[in-house]
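To start, the structure itself, in structure tokens.
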Amino acid sequence: MTETSESRWAIAIHGGAGSMTPETMDGAAVAAHEAALVVALDAGRVVLAAGGSALDAVCAAVKELEDDPHFNAGRGAVFTYHGTNELDAAVMDGATRGAGAVCGVTHTRNPVNLARTVMEQSPHVFLSGVGAEEFAREQGVEMVDPDWFATEPRWAQLQELKAKKLGWFDAGLKYGTVGAVAVDTAGHVAAATSTGGLTGKRWGRIGDSPLIGAGTYADDRAAAVSCTGSGEQFIRAAVSHEICARMRLGGEGAQAATEAVLAEVGDMGGVGGVIYATPGGETGFAFTTPGMFRGRADSEGLREVGIFGES
Ligand code: ASP
């Protein structure tokens with residue numbers, strides 16, 4: 001280890017993978033999304049630079065992304081078929097493999113905070129719907145009127161989906177789930193993911209995001225991973241755990257493991273993206289969609305956001 005490794009930290013965030021290209025996004029939309037990504041990245045960056053934990057950093061970054069209406073999590077979440085916003089989130093601490101998750105919540109302003117509260121204040125890992133929010137109220141987690149989450153563009157997306165009778169996985173639709181992964185100066189990793197799921201979802205459908213081992217996983221022996229994409233295939237491939245398992249048991253590097261598992265998802269007919277952070281201070285990403293809202297920062301001075309793939 002070099003002397004700089006003692007104070008080394010890194011963070012990566014995503015705001016969803018999808019069909020974004022320079023041709024389909026105008027300059028104002030690009031600027032607005034990039035600005036929102038910078039705010040979230042900086043929220044996590046300042047925590048880590050001050051010697052804070054990876055867990056605090058990923059929660060701080062995801063909270064910003066949940067509050068920002070540009071992304072499909074918290075405020076700005078997509079609508080269900082019946083016109084409600086139902087939110088899922090998970091958090092995991094790589095140092096202890098402690099984990100907390102919630103799904104189908106409708107009043108919790110920041111589902112990532114509730115997921116963390118489940119991890120730290122309950123004997124459970126995964127709470128759902130009404131029960132999750134009963135726990136949230138008991139714990140004093142901030143609650144809002146469901147109107148807080150609703151935005152006009154998301155409502156229009158639902159109407160478009162219904163009018164065109166589009167499938168949930170229509171290639172023209174974006175996945176806007178948000179997530180963050182980080183490694184702190186103590187070498188611990190953490191991951192957090194939050195989503196409104198898929199536009200027009202029904203029957204209580206839950207995707208990969210809040211499922212530990214699917215959309216979210218963190219293990220100091222391998223990496224912290226957060227996913228976005230077609231959740232059904234990400235669940236079937238147990239993407240985030242599979243990446244960590246390949247690294248831990250197969251000795252693969254994070255980038256190789258990530259690309260291999262995304263290829264498996266592709267073989268199942270799924271698309272999406274992944275971000276990771278390793279205890280050694282490495283961050284990275286891969287995606288099989290045209291674009292992914294993303295950002296990275298580290299103690300060496302890296303501070304970047306991006307949307308589109310390499311052309
Ligand atoms: N993976 C999420 C889900 O299936 C969707 C997304 O990434 O936007 O719920």
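All heavy atoms count here, side chains included; hydrogens, waters and symmetry mates do not. One-based numbering, in listed order, for ligands and for the atoms of each.
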Task: Exercise: do Glu242 and Tyr217 side chains pair donor with acceptor under 3.5 Å - done: no
TODO: Answer yes when Arg116 and Asp56 have at least one side-chain N-carboxylate O distance shorter than 4.0 Å, and no when they do not.
DONE: yes
Task: Those atoms of ligand 1 less than 4.0 Å from some heavy atom in Asp208 - done: 1 (N), 2 (C), 3 (C), 4 (O)
Open item on the list: Show the atoms of ligand 1 that are less than 4.0 angstrom away from any heavy atom in Gly176.
Closed with: 8 (O)
- [ ] For Thr228, counting its heavy atoms only, list the atoms of ligand 1 lying under 4.0 Å from any of them.
- [x] 6 (C), 7 (O), 8 (O)
Open item on the list: Heavy-atom pairs closer than 4.0 Å: do any link ligand 1 to the side chain of Ser209, the backbone, both, or neither?
Closed with: side chain
Open item on the list: Which residues pass the salt bridge (charged side-chain N to carboxylate O under 4.0 Å, His left out) test with Glu34, not counting sequence neighbours?
Closed with: none
- [ ] Ignoring angles and geometry beyond distance, decide whether Gly231 reaches within less than 3.5 Å of ligand 1 through its nitrogen or oxygen atoms.
- [x] yes
Open item on the list: Within the structure, is a non-hydrogen atom of Gly16 found at a distance of less than 4.0 Å from ligand 1?
Closed with: no
Task: Any donor-acceptor N/O pair, Asn72 side chain to Gly197 backbone, under 3.5 Å - done: yes
TODO: Please work out which of Lys201, Arg205, His14 has its closest non-hydrogen atom nearest to atom 4 (O) of ligand 1.
DONE: Arg205
Open item on the list: What I want to find out is whether Lys63 reaches Glu142 closely enough, with some N-O distance under 4.0 Å, to be called a salt bridge.
Closed with: no
Task: Shortest non-hydrogen contact from Ala223 toward Cys244 - done: O-SG, 3.4 Å
Task: Nitrogen or oxygen atoms of Thr177 and ligand 1 under 3.5 Å apart - done: yes
TODO: Please could you name the atoms of ligand 1 that Gly197 approaches to less than 4.0 Å, counting only its heavy atoms?
DONE: 9 (O)
Can you list, pair by pair, the side-chain donor-acceptor contacts under 3.5 Å of residues 285-294, counting residues two or more places apart and other chains?
| from | atom 1 | to | atom 2 | distance (Å) |
| --- | --- | --- | --- | --- |
| Thr288 | OG1 | Gly272 | N | 3.0 |
| Thr288 | OG1 | Gly272 | O | 3.2 |
| Thr289 | OG1 | Gly18 | N | 3.4 |
| Thr289 | OG1 | Gly291 | O | 2.9 |
| Arg294 | NH1 | Met292 | O | 2.9 |
| Arg294 | NH1 | Ile307 | O | 3.3 |
| Arg294 | NH1 | Phe308 | O | 3.3 |
| Arg294 | NH2 | Phe308 | O | 2.8 |

